[in-house]
Asks: 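Before I ask anything, here is the structure I am working with.
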Amino acid sequence: MDKKVVFSGVQPSGKLTIGNYLGAIKNWVELQDEYDCYYCIVDLHAITIPQVPKELRRSTLEVLALYMACGIDPDKSTIFIQSHVPAHTELTWVLNTISYMGQLGRMTQYKEKSRRSEENLNAGLFTYPVLMAADILLYQTDLVPVGEDQKQHLELARDLAIRFNNKYSETFKVPEPGIKDVGAKIMSLQSPEAKMSKSDADENAYILLLDDKDTIRRKIKRAVTDSLGTIAYNDEQLGLKNLIEIYSIFSGEKIPSIVNKYEGQGYGKFKEDLAEVVIDGISNIQEKYNYLMDNKDYLEKIYIKGAEKAEYQALKTLRKVYKKVGFLPR
Ligand code: AMP
Ligand code: TRP
């Protein structure tokens with residue numbers, strides 16, 4: 001029997017945070033044996049916000065190296081760059097024609113981004129979720145492991161699959177979201193009511209996968225907590241709640257056991273230990289990353305092979321779609 005299909009992606013815009021890792025990439029690693037996995041570096045999505053071309057090229061390679069450093073194995077999973085497979089943009093066009101303006105206008109991420117970037121309110125920002133739907137639907141994806149913030153986009157991908165299937169007959173698999181209970185939304189270290197984001201203006205709000213040890217210690221020490229001063233896991237102490245979750249996922253220790261261990265103590269010792277847990281959790285990743293970035297020829301081989309494999313699958317779906325909408329074959 002054929003394995004079920006997993007698809008996910010990260011934008012190569014800036015550096016990856018531990019939010020990207022805990023909310024997404026770490027979970028991808030666990031799916032590799034059981035599923036046929038496609039892990040994409042979504043550079044087409046990245047240009048919806050202004051990018052410096054030279055830096056985009058570098059970030060794309062960095063994200064590829066980070067995927068592998070985090071444990072994505074190119075012998076098990078297909079790792080590729082979105083712009084290398086033109087079928088993504090081609091299917092986007094077709095899906096655009098069955099997408100409702102109203103529904104796209106209601107996307108939270110679009111509303112937020114358009115509020116923040118009025119001078120760059122381009123059409124790409126608006127149709128961004130349609131491109132994401134194309135990414136997913138091209139591979140007849142069963143499961144999409146992402147962080148909480150992508151839930152609404154996934155709903156749209158499901159809607160578009162169903163709408164197309166109803167209009168033209170069964171074509172797309174309707175994908176399921178894979179969102180974890182803990183870790184799906186790692187919060188900002190400075191304002192714990194907002195998600196940790198690599199585009200945050202305040203560097204202290206996030207920890208990068210490539211931050212050095214002292215930076216990690218400093219950022220955790222400065223992380224916003226509260227004036228209650230006692231270790232507990234609840235919604236009144238959002239900053240602390242977030243730190244406990246980060247501790248739990250990196251260490252594998254259950255939340256109640258962590259709370260127990262630090263009960264009655266102030267935040268100082270907990271934060272010191274947390275910094276070491278995080279450093280421990282990512283030092284291996286950094287080591288592998290540095291090695292891979294010194295071997296660019298190898299990285300190139302991986303993404304070339306990945307694009308070939310992805311394209312083969314993507315074209316199967318695209319051909320079906322073109323036939324169903326009535327395009328005359330060449
Ligand atoms: P992005 O950085 O927007 O390309 O996100 C890539 C993946 O990381 C998506 O699956 C996001 O849902 C996930 N992600 C990003 N930020 C966070 C966060 N703060 N907590 C959990 N997951 C996140
Ligand atoms: N929009 C996603 C994000 O910003 C990235 C993404 C693009 C994606 N295409 C995807 C995630 C397909 C999962 C599946 O996080």
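Atom set for the values below is all heavy atoms of this structure, side chains included, hydrogens, waters and symmetry mates excluded.
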Asks: Which value, rounded to the nearest 0.5 Å, describes the distance between Leu238 atom CG and Leu243 atom CG?
Replies: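 Here the interatomic distance stands at 11.0 Å.
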
Asks: Please answer whether the main-chain N or O of Ala223 pairs with a side-chain N or O of Lys271 as donor and acceptor at a distance below 3.5 Å.
Replies: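 Looks like yes, one N/O pair under 3.5 Å.
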
Asks: Please round to the nearest 0.5 Å and tell me the distance separating atom CD1 of Ile282 and atom NZ of Lys213.
Replies: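 Those atoms lie 9.5 Å apart.
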
Asks: What pairs meet the side-chain hydrogen bond (donor to acceptor under 3.5 Å, both in side chains) rule with one or both residues in residues 280-295, with sequence neighbours excluded?
Replies: none

Asks: Does atom CD of Gln109 have more than 12 heavy-atom neighbours from other groups under 6.0 Å away?
Replies: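 Atom CD in Gln109 is crowded, with more than 12 foreign heavy atoms closer than 6.0 Å.
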
Asks: Between Gln237 and Asn234, is the side chain to side chain donor-acceptor pair (under 3.5 Å) condition met? List the steps.
Replies: CA-CA 6 Å; Gln237 293 167 277; Asn234 60 52; 3.1 Å; yes

Asks: Is there a donor-acceptor pair closer than 3.5 Å between any side-chain N or O of Ser248 and the backbone N or O of Ile244?
Replies: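 Looks like no, no N/O pair under 3.5 Å.
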
Asks: So, the side chain of Tyr267 versus the backbone of Thr230: is there a donor-acceptor pair under 3.5 Å, distance only?
Replies: yes

Asks: What I'd like to find out is whether the side chain of Tyr100 reaches to under 4.5 Å of the side chain of Asp159, using heavy atoms alone.
Replies: no

Asks: Begin with the C-alpha distance, continue with both residues' side-chain angles, and end with the deciding distance and a verdict on side chain to side chain contact (heavy atoms under 4.5 Å, CB included) for Val5 and Leu143.
Replies: CA-CA 6 Å; Val5 177; Leu143 183 73; over 6 Å; no

Asks: Consider only side-chain heavy atoms of I, L, V, M, F, W and Y, link residues closer than 4.5 Å, and tell whether Ile255 and Tyr247 are in one cluster.
Replies: yes

Asks: Yes or no on side chain to side chain contact (heavy atoms under 4.5 Å, CB included) for His45 and Asp135, after CA distance, side-chain angles and deciding distance?
Replies: CA-CA 11 Å; His45 278 102; Asp135 296 342; 3.1 Å; yes

Asks: Using a 3.5 Å cut-off and no angle test, enumerate the donor-acceptor pairs between side-chain atoms of residues 300-321 and protein atoms at least two apart in sequence or in another chain.
Replies:
unit_1, atom_1, unit_2, atom_2, d
Lys309, NZ, Thr78, OG1, 2.8
Thr317, OG1, Leu138, O, 2.7
Thr317, OG1, Gln140, NE2, 3.4

Asks: Using only atom types and a distance under 3.5 Å, with no angle test, would you say the side chain of Gln152 pairs donor to acceptor with the backbone of Arg106?
Replies: yes

Asks: Does a salt bridge link Lys221 with Glu272, judged by any charged N lying under 4.0 Å from a carboxylate O?
Replies: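 Salt bridge between Lys221 and Glu272, a charged N being under 4.0 Å from a carboxylate O: no.
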
Asks: Walk me through it: do Tyr128 and Leu104 pass the test side chain to side chain contact (heavy atoms under 4.5 Å, CB included)?
Replies: CA-CA 9 Å; Tyr128 173 113; Leu104 293 180; over 6 Å; no

Asks: If hydrophobic clusters are built from ILVMFWY residues whose side chains come within less than 4.5 Å, do Leu131 and Val10 share one?
Replies: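 No.
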
Asks: Decide yes or no on side chain to side chain contact (heavy atoms under 4.5 Å, CB included) for Leu299 and Met293, but give the supporting numbers first.
Replies: CA-CA 8 Å; Leu299 291 177; Met293 285 303 276; 4.1 Å; yes

Asks: Salt bridge check, Lys4 against Glu176: does any charged N sit closer than 4.0 Å to a carboxylate O?
Replies: no

Asks: What side-chain donor-acceptor pairs closer than 3.5 Å can you find for residues 190-207, not counting sequence neighbours?
Replies:
unit_1, atom_1, unit_2, atom_2, d
Gln190, NE2, Arg222, O, 3.3
Lys195, NZ, Asp149, OD2, 2.6
Ser197, OG, Ser199, N, 3.1
Ser197, OG, Ser199, OG, 2.9
Lys198, NZ, Gln11, O, 3.1
Asp200, OD1, Asp202, N, 3.0
Asp202, OD1, Asn204, N, 2.9

Asks: Quick one: does any side-chain atom of Tyr67 pair with a main-chain N or O of Cys40 as donor and acceptor, under 3.5 Å?
Replies: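 Yes, the answer is positive, given that a donor and an acceptor are paired below the 3.5 Å cut-off.
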
Asks: On the 0 to 90° scale, with breaks at 30° and 60°, tag the Phe327-Tyr322 ring pair as parallel, tilted or perpendicular.
Replies: perpendicular

Asks: I need the minimum non-hydrogen distance between Phe250 and Gly281, along with the two atoms involved.
Replies: CD2-CA, 3.9 Å

Asks: Would you say Tyr21 and Met187 are hydrophobically clustered, going by side-chain heavy atoms of ILVMFWY under 4.5 Å?
Replies: no

Asks: Between Asn165 and Glu170, is there a side-chain heavy-atom distance shorter than 4.5 Å?
Replies: yes

Asks: Quick one: does any side-chain atom of Asp43 pair with a main-chain N or O of Ser83 as donor and acceptor, under 3.5 Å?
Replies: yes

Asks: Would a single hydrophobic cluster contain both Val174 and Tyr139, if residues Ile, Leu, Val, Met, Phe, Trp and Tyr are joined by side-chain heavy-atom contacts under 4.5 Å?
Replies: no

Asks: For Asp273, enumerate each residue passing the side-chain hydrogen bond (donor to acceptor under 3.5 Å, both in side chains) test, keeping only those at least two apart in sequence or located in another chain.
Replies: Tyr262, Lys269

Asks: Pro177 versus Val144: any side-chain heavy-atom pair under 4.5 Å?
Replies: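 When only atoms from C-beta onward are counted, Val144 and Pro177 do not touch, as no gap falls below 4.5 Å.
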
Asks: To the closest 0.5 Å, what do you measure between CZ (Arg158) and CG (Leu137)?
Replies: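 Output value for this atom pair is 11.0 Å.
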
Asks: In terms of hydrophobic clusters joined by side-chain contacts under 4.5 Å, are Leu22 and Ile179 together?
Replies: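 The answer is no; the residues belong to distinct hydrophobic clusters.
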
Asks: Over 60° means perpendicular and under 30° means parallel, so tell me whether Phe80 and His88 are parallel, tilted or perpendicular.
Replies: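 Tilted, since the angle between the ring planes falls between 30° and 60°.
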
Asks: Is the count of non-hydrogen atoms from other residues, nucleotides or ligands lying under 6.0 Å from Lys261 atom NZ greater than 12?
Replies: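 Enclosed.
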
Asks: Could I get the full list of ring-ring contact (aromatic ring centres under 6.0 Å, His included) partners for Phe126, not counting sequence neighbours?
Replies: Tyr110

Asks: Taking Thr17 for the side chain and Leu208 for the main chain, is one N or O donor matched with an acceptor at less than 3.5 Å?
Replies: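 Pair absent, no side-chain N/O of Thr17 close to backbone of Leu208.
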
Asks: Please check this pair: side chain of Glu245 against backbone of Val182, looking for a donor-acceptor N/O pair closer than 3.5 Å.
Replies: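 No, Glu245 side chain to Val182 backbone: no donor-acceptor pair under 3.5 Å.
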
Asks: Checking Gln32 against Asp73: is there a side-chain donor and acceptor pair closer than 3.5 Å?
Replies: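 No, because no side-chain N or O of Asp73 sits under 3.5 Å from a partner of the opposite role on Gln32.
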
Asks: Kindly write out the residues that satisfy side-chain contact (heavy atoms from CB on, under 4.5 Å) with Ala134, not counting sequence neighbours, or none if the list is empty.
Replies: Leu91, Thr92, Leu95

Asks: Any sub-3.5 Å donor-acceptor pair from Ser77's side-chain atoms to Pro74's backbone N or O?
Replies: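 The answer is no, because no donor-acceptor pair under 3.5 Å joins these two groups.
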
